[in-house]
Amino acid sequence: MVRTSLIPLLLILILISYSFCTIQFCTAIDTITSTQPIKDTEAIVSNGATFKLGFFSPLNSTNRYVGIWYNDISAKHVAWVANRDKPLNDSSGTLTISKDGNLVVLDGQKQIVWSSDVPNSLANSSARLSDSGNLMLRDDSNGNIIWESFEHPSDSFLMGMKISTNKFTDKKIQLTAWKSPSDPSTGSFTLGINPLNIPEIYVWNGSHPYWRSGPWSGQIFIGIPGMISAYYGRFEIVDNNNEGTADLSYTYTNKSSLLCLTLISNGTLIQKQKEVGKGTWETTWSSQETECDVYSKCGPFGSCNIVQGSPICICLQGFDPKDIEEWSRGNWASGCVRRRQLQCERNNSDGGEKSKEDGFLKLKTVKMPAFAELLIASQDNCKSQCLNICSCIAYTYYSGIGCMKWSGELIDIQEFSYGGADLYIRVAYSELEKRRSSKLVITIAVVIVSVTVAICIYLFWRWMARPQGKKKKSEILLSKRGEENLDCSNQSMLGDYLNQMKFEELPLFSFEKLANATDKFDVANKLGQGGFGPVYKGKLPSGQDIAVKRLSRSSGQGQEEFMNEVVVISQLQHRNLVRLLGCCVEGEEKMLIYEYMPNKSLDAFLFDPIKKKLLDWRKRAKIIEGIGRGIIYLHRDSRLKIIHRDLKTSNVLLDEDLIPKISDFGMAKIFGSNQDQANTKRVVGTYGYMSPEYAMEGRFSEKSDVFSFGVILLEIVSGRKNTSFYNDEHSLSLLGFAWKLWNEDRIVMLIDPTTSDPRFEVEILRYIHIGLLCVQEFTSDRPTISTALSMLSSEIAILPTPKQPAFTEREILPNKSSPANNVTITVIEGR
Ligand SMILES: *[C@@H]1O[C@H](CO)[C@@H](O)[C@H](O)[C@H]1NC(C)=O
Ligand SMILES: *[C@@H]1O[C@H](CO)[C@@H](O)[C@H](O)[C@H]1NC(C)=O
Ligand SMILES: *[C@@H]1O[C@H](CO)[C@@H](O)[C@H](O)[C@H]1NC(C)=O
Ligand SMILES: *[C@@H]1O[C@H](CO)[C@@H](O)[C@H](O)[C@H]1NC(C)=O
Ligand SMILES: *[C@@H]1O[C@H](CO)[C@@H](O)[C@H](O)[C@H]1NC(C)=O
Ligand SMILES: *[C@@H]1O[C@H](CO)[C@@H](O)[C@H](O)[C@H]1NC(C)=O
Ligand SMILES: *[C@@H]1O[C@H](CO)[C@@H](O)[C@H](O)[C@H]1NC(C)=O
Ligand SMILES: *[C@@H]1O[C@H](CO)[C@@H](O)[C@H](O)[C@H]1NC(C)=O
Ligand SMILES: *[C@@H]1O[C@H](CO)[C@@H](O)[C@H](O)[C@H]1NC(C)=O
Ligand SMILES: *[C@@H]1O[C@H](CO)[C@@H](O)[C@H](O)[C@H]1NC(C)=O
Ligand SMILES: *[C@H]1O[C@H](CO)[C@@H](O)[C@H](O)[C@H]1NC(C)=O
Ligand SMILES: CC(=O)N[C@H]1CO[C@H](CO)[C@@H](O)[C@@H]1O
């Protein structure tokens, strides 16, 4: 009896001591003491297992460094390096506490290679790695922290860390980039807060600014368009003017994903994100997305615009290039100079001119120039205060900051398509007069158009309001916050999206109305078969033509894709994107209502032997450019970064002026939001347009859209569908065919005979060259879409030589019945 009752007790004891052991002592050691040093092969792990401290070698290097990295096997990201400038050349190093109480790295000969260098010697101390990645040296006698790695950062900005600056003492904490990806030693780029009176993040190359964030508004940096807290973490700057300090920190509270900001060796600040325990780090934001992000790209009084720009730099209104010759050659650094002197610069000899007061020209949604100063003035007085100061050459009022003024030169202005702020630039009176006369004509035109539009809107509204009655009106609009339980919005599905973005009001159509508009979905009105169901032409009682995409029940497009399309596209407005007019959900029926495109899709023209003649080279070039602009907008100019994932000629519609409009956003992904596993594992797209990394591994990025763009470009130039190659040219794909011709120096043969015109041959060949660059196998070789457009416009004159495109050999294509890598592939065959 006694013996049997002892057994469970014994078991419990073993269990208790075992768990005690695992949790407290045996594995989870997070502390270093003089008696508990770590050797090269050992490491300590923070108590929540987020970070690991130990010895490592960077890629392509045999040097050994002591560092802290995310404790994640799948993707190593080193956040801190101790002996960055003093590498060990073998694995005999030790990290320990020295006799004087400092944390030290010793080499094989017990020589100190690196030390925490706390001056006053302390006998007993220990170092502990916290779960936020901070290595803290503690005086054991009183428990004070005497040194911490967060105050000596390397290139990574972690949550809990403070980047800081002190105007008075010059004491600062800043990031310093590695010299190269394989060399952690101190590089030339640093990141910190500028010591001026409106805090701002700067990246410097040595002592020269390389990038700036724009002034801090109390919530965002106004030079970073689209800065949404959900994607960027919540930043905070504590600005203590009495002590002259400004401390930048951030919090990111999503427990299921990690976020890290790093200043990489080429001076780019990137934000990386990954899900805890899975996947790889993905760059979700970068400070150098275009050339315009380089500090002072266009010199003083120049303005940079990557979207409309060709060239990207222009002088501000009222200014001319300082050195026209240099400027026209694309050397913009010298900038621009004022055309007409300001009032207080003019001397009295100008007579009557002298009395004429300067005025201001408004520049909309721009990145505020550098060196803003605060001006004590209300919003109403900001302008007049500026006028009173001779040196004030620009002003603006931004709520959260107040009245800002500039003097000297205006440097680093960038035009955004949204975000930023409005800037008022001081110019001489005569500049304004010139503008007024031209403005008058425009104003009259605008007034006429607005009145017409207003009347139309009123009539439309009347008509909309009539059948449903007043009470229902609030129901047919999706509410901004999604509070009400609406037909069109499935709460649980929209929830995630709605938290992150404002939802534009989107009309809901009734099934009956759409059935009426399309003659009960008569076959005669069928425009075509979309990926997920038929598309019908309809006419609303108001006379407006619409296109109705009716999702068939059996289609692959489920509720999720449907909501995805609704949410994504209702956010977007661009000349090269098709506009969504509304949606309809009734029972099993789901429909999307678009503006009607009389000329249908691009493939209907391109691959039709008769209609293709209508597309001469000029029109085709315009279409290519338009598609590119639409993609740029998706990738970087809308508030969200969107990857379309199913770009193809049949998804490009043409309006009556043959302006291309990208459509079909059922597969689009909002980048930066955290994708769930099911979706990344589910490859949906169209063979022929899918990039290899997407088709085979399910990885997608901007570069997969660039790949599709390249295929579309080559199809437009050649007028051939990739499928039309089955029976000729030894069954080569379009890309394989193009590559063959390129290598045989016969690339001219690719040009569609219907467009061949010796005048354009050089240009067409340039387009083909760029198309081939876009379809290269490796994502890193492909240009970004904005670079591709700069190449098309010859702004980038010298093109790299393309490498072999993906899918030039048939075998590479994934085997549909046994997909690689556990990825399921849904394919929409080319139509
Ligand atoms: C490694 O460093 C030690 C001293 O730090 C030096 O004596 C030794 O020659 C070095 N070995 C190599 C291979 O560079
Ligand atoms: C350091 O710790 C040792 C052992 O715990 C103790 O004997 C010694 O007095 C301590 N020294 C100081 C200066 O606290
Ligand atoms: C490492 O070396 C390989 C081959 O030389 C090179 O392709 C790669 O870019 C290098 N990686 C880094 C991070 O330098
Ligand atoms: C950084 O500065 C160095 C030295 O002035 C210069 O050679 C280099 O081109 C600069 N790098 C960039 C990216 O501007
Ligand atoms: C900096 O390096 C990153 C990663 O290698 C690259 O994506 C980016 O284009 C580079 N930026 C510049 C301006 O060279
Ligand atoms: C909304 O979505 C949830 C979760 O996907 C689903 O269970 C529910 O049936 C949907 N509701 C409606 C009305 O479609
Ligand atoms: C549809 O048409 C029928 C008859 O033409 C009409 O009675 C009905 O009101 C229409 N419904 C809508 C919603 O317009
Ligand atoms: C947190 O991240 C996870 C995974 O990345 C994502 O699924 C989830 O939606 C995020 N939660 C919030 C509130 O953003
Ligand atoms: C595709 O996979 C199936 C099943 O694994 C196999 O029978 C078939 O031969 C494969 N086809 C090709 C073209 O590899
Ligand atoms: C494929 O993925 C599913 C679900 O994620 C998993 O259950 C299965 O084991 C995986 N198969 C392979 C071969 O990895
Ligand atoms: C062309 O399209 C066909 C079918 O749509 C597809 O099987 C083939 O892989 C495509 N060609 C290329 C180059 O991807
Ligand atoms: C080439 C072509 O078919 N163009 C047509 C585009 O649509 C407009 C408006 O319907 C027609 O007038 C054009 O003929």
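Here the structure is a predicted model, which means the values were calculated and not measured. Order of listing sets the numbers, starting from 1, for every ligand and every atom in it. Residues: numbered from 1 along the sequence shown.
A distance limit of 4.0 angstrom between heavy atoms and ligand 4 selects the residues Phe189, Asn205, Tyr210.
Around NZ of Lys703, the count of heavy atoms belonging to other residues, nucleotides or ligands within 6.0 Å exceeds 12.
Within the listing of ligand 5, atoms 1 (C), 2 (O), 3 (C), 4 (C) sit less than 4.0 angstrom from a heavy atom of Ile264.
Annotation: cation-pi geometry satisfied between Lys76 and Trp69 (NZ/CZ under 6.0 angstrom from ring centroid, within 45° of ring axis).
With salt bridges taken as basic N to acidic carboxylate O contacts below 4.0 Å, one links Glu326 and Arg329.
Contacts of Thr169 classified as side-chain contact (heavy atoms from CB on, under 4.5 Å), with partners at least two apart in sequence or in another chain: Asn166, Lys171. Taking the salt bridge (Lys or Arg N to Asp or Glu O under 4.0 Å) definition, one finds that Glu289 meets it with Arg636, sequence neighbours left out. In terms of the side-chain contact (heavy atoms from CB on, under 4.5 Å) criterion, residue partners of Ser213 (sequence neighbours excluded) are, by chain and number, Glu200, Ile201, Trp211, Phe221, Ile224.
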